[in-house]
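Report on one structure; see the data block that follows.
The chains referred to below are lettered A, B, ... by the order of the sequence lines, with proteins before strands, and numbering in each begins at 1.
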Amino acid sequence: MSSRSVPSPTELPIAVAGLLAALAGAVPIGSAGAQLKPEPLAVTTLPARGSPHWVWVNDIVFHHMADGKAFLLDGDSGTMLGMLSTGFGYTGLQVSPDGSVIASPETYFSRGTRGTRTDVVTLYDPRTLAPTGEIPIPPKRAGHIPMRANSGITDDGRFLLIYNFTPAQSVSVVDLKSRTFVGEIDIPGCALVYPTGPRRFFSICGDGTAFAVRLDDTGKPASRGRTARLFDPVKDPVTEKAVRDGATWLFVSFSGDVVPVETAGDVTKAGARWSLTTPAERQQNWKPGGIQHLAIHPKRRRLYSLMHQGGPDTHKDPGSEIWVHDLAAGGRRVQRIPLTKPLTSISVTSDAKPLLFGIFIGAPELQVFDAVSGSLLRTVSEVGFTPSTLVTR
Amino acid sequence: MSSRSVPSPTELPIAVAGLLAALAGAVPIGSAGAQLKPEPLAVTTLPARGSPHWVWVNDIVFHHMADGKAFLLDGDSGTMLGMLSTGFGYTGLQVSPDGSVIASPETYFSRGTRGTRTDVVTLYDPRTLAPTGEIPIPPKRAGHIPMRANSGITDDGRFLLIYNFTPAQSVSVVDLKSRTFVGEIDIPGCALVYPTGPRRFFSICGDGTAFAVRLDDTGKPASRGRTARLFDPVKDPVTEKAVRDGATWLFVSFSGDVVPVETAGDVTKAGARWSLTTPAERQQNWKPGGIQHLAIHPKRRRLYSLMHQGGPDTHKDPGSEIWVHDLAAGGRRVQRIPLTKPLTSISVTSDAKPLLFGIFIGAPELQVFDAVSGSLLRTVSEVGFTPSTLVTR
Amino acid sequence: MARYDDMVEGFTRRLAKTVSRRSVLRALGGFLVGAAAVPVLPVKRGHAAGGAPDDETSCDYWRYCAMDGFICACCGGTARACPPGTEAAPITWVGTCRNASDGRDYIVSYNDCCGKSSCGRCLCNRNEGDRPLYLPANANDYNWCVGSKSGAPYHCTISRIMGVATK
Amino acid sequence: MARYDDMVEGFTRRLAKTVSRRSVLRALGGFLVGAAAVPVLPVKRGHAAGGAPDDETSCDYWRYCAMDGFICACCGGTARACPPGTEAAPITWVGTCRNASDGRDYIVSYNDCCGKSSCGRCLCNRNEGDRPLYLPANANDYNWCVGSKSGAPYHCTISRIMGVATK
């Protein structure tokens with residue numbers, strides 16, 4: 001017998017050790033040599049402050065939706081750092097601005113895919129990746145193909161906002177400080193959440209407006225109202241996959257127009273529209289598309305867009321190139337990064353030597369690029385099943 | 001707009017219809033032409049008595065164990081007939097001898113992969129594949145790579161027996177008539193369940209014996225006892241993947257010896273040992289192996305074995321051939337069926353024109369063979385994720 | 001105009017060089033050793049792609065022009081009926097699809113079948129007329145099982161003809 | 001003596017003909033269109049297979065001679081420590097592995113890390129000395145998380161040296 005079984009001497013209750021010895025029957029229990037101390041049982045933890053090159057990959061696991069996961073990886077080494085198990089129909093986690101809390105809106109059924117539904121916000125310790133608390137929320141969390149605006153955290157890290165769709169539309173407000181559910185705000189005809197300050201967010205509406213909400217210090221709505229029309233939802237709708245550039249959210253239309261939604265003043269309004277594509281490129285059917293098709297490096301003033309050539313209704317198709325536009329230069333395109341494999345989601349780190357991460361929902365791998373040169377640094381395999389969205393800081 | 005949205009007129013509550021109309025915003029709701037009646041909402045059901053060529057494929061979904069599934073397929077057409085969602089660490093379902101009940105031992109956690117554990121036997125209607133009842137059982141159900149002997153039903157269909165491993169070993173007895181948990185029977189040093197009659201089963205033990213149990217009419221043990229030694233667990237252990245031949249269970253050893261365990265009389269004892277392989281084949285390292293590596297057609301007296309060439313400790317390797325032995329002729333080999341793809345589990349239907357089904361845990365497909373000629377009839381793709389075991393009748 | 005399939009074909013060719021996509025898939029279907037679990041990319045095809053417009057287990061079936069999900073006809077149901085043990089969600093999104101055999105446009109309702117985990121077969125994503133989540137009635141990205149008694153668990157999607165489209 | 005890998009190689013060759021397994025896998029890793037979800041076959045390798053006996057993320061690592069599961073060193077842990085947020089199950093199965101660098105046999109304990117869903121990376125199945133379920137202490141087919149406070153949910157497996165094996 002080249003293999004034998006002994007219980008772990010440091011951990012095993014005597015009774016179980018006796019049982020196992022009995023179970024082993026005719027197979028003799030080997031005696032370990034005394035010259036080596038058994039290695040202790042250990043669990044790794046993460047450094048208190050992570051690297052700016054870490055990335056979360058949220059996975060809805062479309063074929064096994066009860067088993068949502070979020071993977072944490074290090075872009076520099078390409079190693080996996082840890083994982084969260086995040087329940088049914090997972091749409092992604094939020095990290096507080098100071099990085100001290102991971103907040104994850106999750107849904108569970110008492111019998112996996114049937115029975116009583118329970119929605120909670122699970123809080124995880126970013127160092128141990130262990131659940132440290134659970135905040136019950138109404139079982140109304142919107143289920144859809146993951147996109148980042150499903151939830152958001154106010155700029156001061158105080159309130160977590162979660163989009164509900166039952167199909168009535170509302171936003172659940174959770175106080176991350178007191179760890180309580182505060183209440184629900186109706187957003188009729190509007191969807192998703194786009195934070196715009198310590199106490200503000202807006203949702204985007206079917207009539208081309210936005211619904212802007214200001215919260216008081218308890219998380220209750222202090223004011224709310226519909227903006228003027230920001231875009232034409234019939235002629236050329238914008239995708240829901242906007243990125244934030246300070247006080248401005250940059251939306252992009254199906255045809256490739258950038259629609260800035262400016263929230264700096266008291267009034268949320270549309271900024272000057274510009275295009276990702278030249279008329280010639282538009283003629284060649286270049287379009288934005290994907291699940292998280294925009295990324296931004298605000299300090300470097302760079303907007304990254306997943307682009308592909310396709311006809312109408314290809315707004316969710318993966319990108320074959322990433323185009324880079326200089327926001328400081330009025331949106332002048334400064335780079336085209338051709339892809340060897342399609343991508344549906346991208347994200348860029350916000351540090352001085354930024355990485356660009358890319359995933360494709362049809363392949364379980366993470367691609368890591370130098371965000372400045374655009375060169376592919378590495379590919380990390382076996383990352384989830386249907387990797388959906390990315391979270392960087 | 002080539003696409004528009006209207007709610008289903010027959011089903012939609014007025015309030016929701018109003019809401020959706022409002023939500024649609026600028027997009028006009030189309031009016032359906034009156035010349036066609038909308039097709040009604042419908043759900044299919046299965047015929048009261050299924051075909052003998054139907055097969056269940058149990059899937060533990062190893063990468064997403066909270067999402068166990070069982071797929072029902074028709075071997076003749078290669079179509080999927082339906083599916084069950086069966087919870088965490090799924091080891092497979094049991095069908096009552098008369099086909100009237102599907103009994104599925106299942107495990108759930110209140111938070112998917114953490115929280116409170118609940119074990120139940122879910123009963124499904126074989127015609128609607130809907131759960132019709134749930135019997136709570138102790139949360140002790142054994143978790144392991146799926147194999148058929150994890151649970152069993154007594155020959156009269158009355159009692160469901162479920163193997164427990166905590167790591168203490170016992171069997172949970174469930175009365176399928178009264179739909180209640182009856183009790184637990186300790187089987188110290190022994191594992192799994194092999195039914196041998198309307199009120200009998202045995203478990204197989206680490207010392208090479210079996211632990212035989214007779215139940216009374218309430219499902220409590222009437223007698224129990226250890227048999228004489230049936231095999232040598234050190235020199236040449238048998239696999240747990242036995243098949244039943246009437247009152248005899250046929251076990252096969254790592255090296256390829258058939259060890260019949262005869263239960264016809266009052267005493268459970270070993271029958272005459274014989275070998276799947278000739279000395280020359282043994283020299284060429286032909287061995288049995290797999291997850292469900294044996295199948296039987298009792299009426300035709302044929303034993304089917306997944307065989308491969310491999311060294312020691314290859315008892316779980318997939319088969320590259322299926323060998324067929326005639327039990328009526330003392331185990332003479334009558335056929336070798338070469339495989340174009342490896343298989344880890346096989347099962348044979350018990351009718352006069354039997355089909356042989358095969359799956360490989362590493363590929364999501366079902367292979368269907370003529371069990372008499374051995375020819376591959378069809379391959380059904382997209383059957384689960386890690387298809388584990390097969391159930392035919 | 002580059003269709004999605006053509007693009008993906010292009011990628012595949014670049015990757016697999018002389019290996020046709022079909023043979024790669026066949027090899028895959030066989031088995032994999034030591035590789036990552038490889039999930040399915042939603043298949044998207046326009047009518048132009050040809051395929052099998054009359055086969056209701058095919059993503060090319062004419063009714064599926066705005067389909068997004070697993071085709072119930074591959075899961076124990078039919079093009080218009082949910083598989084055993086599931087529940088049809090009453091609210092839904094609707095597309096307008098042309099039936100090539102009579103040249104007419106039909107309004108087709110896509111109802112999700114709910115109450116079991118994903119069927120996992122015949123994933124089909126055709127986004128004709130799909131709109132973002134702020135236009136729910138036109139958004140196939142929602143899990144419409146939310147409107148069923150079973151709640152969110154999504155199994156597959158059926159298509160029902162609601163009428164002939166008026167111009 | 002045909003090793004498992006050789007057999008699988010053989011199958012692969014028969015299927016994919018001129019395509020090497022590696023290139024098939026690379027193509028796969030890229031993406032798949034319209035194919036079934038293709039899961040992972042447990043990788044099994046003996047020392048004879050060569051590989052990387054010193055790389056603790058490799059199934060060939062010398063300590064992993066009786067490993068069965070996902071290698072924690074690929075999951076945020078190390079060869080001997082569980083990933084963040086998981087719990088090491090105290091009871092376990094044990095193998096005896098030879099360290100080629102010093103030629104000695106070590107007793108290695110395989111502890112499952114529990115409390116999260118499967119890591120899904122670096123699946124490794126080497127059955128040296130594995131025995132059936134009726135010999136639990138030698139059976140790597142059990143989910144040993146059953147002995148942890150977290151209960152059954154299995155994430156990955158570590159290996160710890162318990163001592164030098166005596167003959």
Side-chain angles (χ1 to χ4, degrees), chain B residues 61-66 88-89 107 109 112-114 117 139-140 142-145 147 149 163 165-167 169 189-192 203-206 233 237-241 285 308-318 320 339-342 360-365 381-386, chain D residues 1-4 6-8 10-12 14-15 34-44 46 48 65-66 68-70 85 91 114-121 123 125-147 150-155:
Chain B
V61 193
F62 194 64
H63 293 54
H64 309 283
M65 279 204 268
F88 186 91
T107 296
F109 290 86
T113 53
R114 58 180 183 268
R117 174 175 172 171
K140 299 180 172 182
H144 52 73
I145 297 297
M147 45 192 89
Y163 173 48
F165 181 73
T166 67
Q169 296 166 302
C190 308
L192 304 163
S203 297
I204 183 165
C205 309
V238 298
T239 76
E240 321 88 319
K241 293 110 178 184
N285 270 311
H308 69 277
Q309 287 177 284
D313 301 322
T314 61
H315 49 286
K316 294 189 290 201
D317 281 15
S320 56
L339 300 173
T340 52
K341 298 176 183 181
F360 175 51
I361 197 166
E365 64 179 25
S381 63
E382 294 191 306
V383 179
F385 185 71
T386 46
Chain D
M1 189 175 84
R3 292 292 311 170
Y4 181 89
D6 301 336
M7 189 184 71
V8 170
F11 276 117
T12 310
R14 234 173 290 165
L15 279 168
V38 179
V40 177
L41 168 66
V43 175
K44 181 185 170 178
C65 74
D68 186 9
F70 302 108
I91 56 167
C114 314
K116 298 187 184 228
S117 181
S118 302
C119 154
R121 304 189 83 209
L123 186 55
N125 184 16
R126 287 169 60 183
N127 292 315
E128 294 177 29
D130 168 71
R131 290 296 172 267
L133 294 186
Y134 56 78
L135 292 169
N138 299 74
N140 71 13
D141 273 354
Y142 278 109
N143 178 351
W144 285 97
C145 283
V146 76
S150 314
Y154 166 76
H155 184 63

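With sequence neighbours excluded, the residues forming a side-chain contact (heavy atoms from CB on, under 4.5 Å) with D/S118 are A/K69, B/M65, D/F70, listed by chain and number. When the side-chain contact (heavy atoms from CB on, under 4.5 Å) test is applied to B/T107, the partners found at least two apart in sequence or on another chain are B/F88, B/F109, B/R117, B/D119, B/R141.
In this structure, chain B has heavy atoms under 4.5 Å from both the backbone and the side chain of D/S117. If you measure heavy-atom distances from B/V61 to chain D, you find no contacts under 4.5 Å at all. Residue B/I204 touches chain D through both its backbone and its side chain, counting heavy-atom pairs closer than 4.5 Å. Residue contact with chain D, scored on non-hydrogen atoms closer than 4.5 Å, involves the backbone and the side chain of B/F62 alike.
Ring pair D/W144/D/Y142 is perpendicular by interplanar angle, where above 60° counts as perpendicular and below 30° as parallel.
One finds the NE2 atom of B/H308 at 13.0 Å from the CG atom of B/L339 (value rounded to the nearest 0.5 Å).
For the set B/R114, B/K140, B/M147, the count of heavy-atom pairs under 4.5 angstrom toward chain D peaks at B/M147. Contact count versus chain D (heavy atoms, under 4.5 Å) is highest, among B/A149, B/C205, B/A66, B/P139, for B/C205.
Aromatic ring centres of B/H63 and B/F385: separated by under 6.0 Å.
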